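Bear in mind the structure is a predicted one, so any value in this text is a computation, not a measurement.
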Amino acid sequence: MGKHGISLKGTVDFAGASALLADLVKSFGEKTVCLQKGDEFCTLKPGEAISFEIEAELKKNRQKLVIELSWLEEAPAQAAQDIKITSVEPEPLPEPELPAAVEAVPEAVAEAAPCLTVPEAAKKDDEAASGKKSKK
């Protein structure tokens, strides 16, 4: 089968867009999607394994939803994992709680490494060597 296609573009109101999507879903469910514009048409027959890509984008006052479906005439199906499409936003995930041992790490490091603090006399020596004056 050679390459053949059709492109449908335009602007419709929300009800018109919803009707187009409903027609697409119905046709897809019947495993025959025929897109027609005048005398031109392209008929697709979805296979069992459907590859898909769905993109959602918000930019200032423009919102965009792109849906791409593709398939081979004969290809094995694979399960799509962790994918949901709903009209409800998910609840935010709770912040994970750190174990007490992890929270105590900075204190334990400070106690175990007192040599990491620089004595005032050494700071003054460093400032004098670099020509800077102490700010106190």
Between CG on residue Leu44 and CD on residue Glu73, distance to nearest 0.5 Å:
10.5 Å
If you take all heavy atoms of Thr32 and Lys45, which pair is closest and at what distance?
OG1-NZ, 3.2 Å
Same cluster (ILVMFWY, side-chain, under 4.5 Å), Leu35 and Val25:
no
What closest approach, in Å, do Val12 and Ala17 show between heavy atoms, and which atom pair accounts for it?
CG2-N, 3.3 Å
Between CG of Leu24 and CG of Leu69, what distance do you get to the nearest 0.5 Å?
7.5 Å
N/O donor-acceptor pair under 3.5 Å between Ser18 side chain and Phe14 backbone
no
Which atom names give the shortest non-hydrogen contact between Ala49 and Trp71, and what distance separates them?
O-CB, 3.3 Å
From Leu58 atom CG to Lys64 atom NZ, the distance as rounded to the nearest 0.5 Å:
12.5 Å
Let me confirm one number: the CD1-NZ distance from Ile6 to Lys37, rounded to the nearest 0.5 Å.
7.0 Å
Please give me the minimum heavy-atom distance between Gly5 and Cys42, naming the atom from each residue.
CA-SG, 4.1 Å
Rounded to the nearest 0.5 Å, how far apart are CD of Glu57 and CZ of Arg62?
7.0 Å
CG of Leu65 to CG of Leu21: how many Å apart, nearest 0.5 Å?
8.0 Å
Flag yes if more than 12 heavy atoms outside Phe41 fall under 6.0 Å of its CZ atom; otherwise flag no.
no
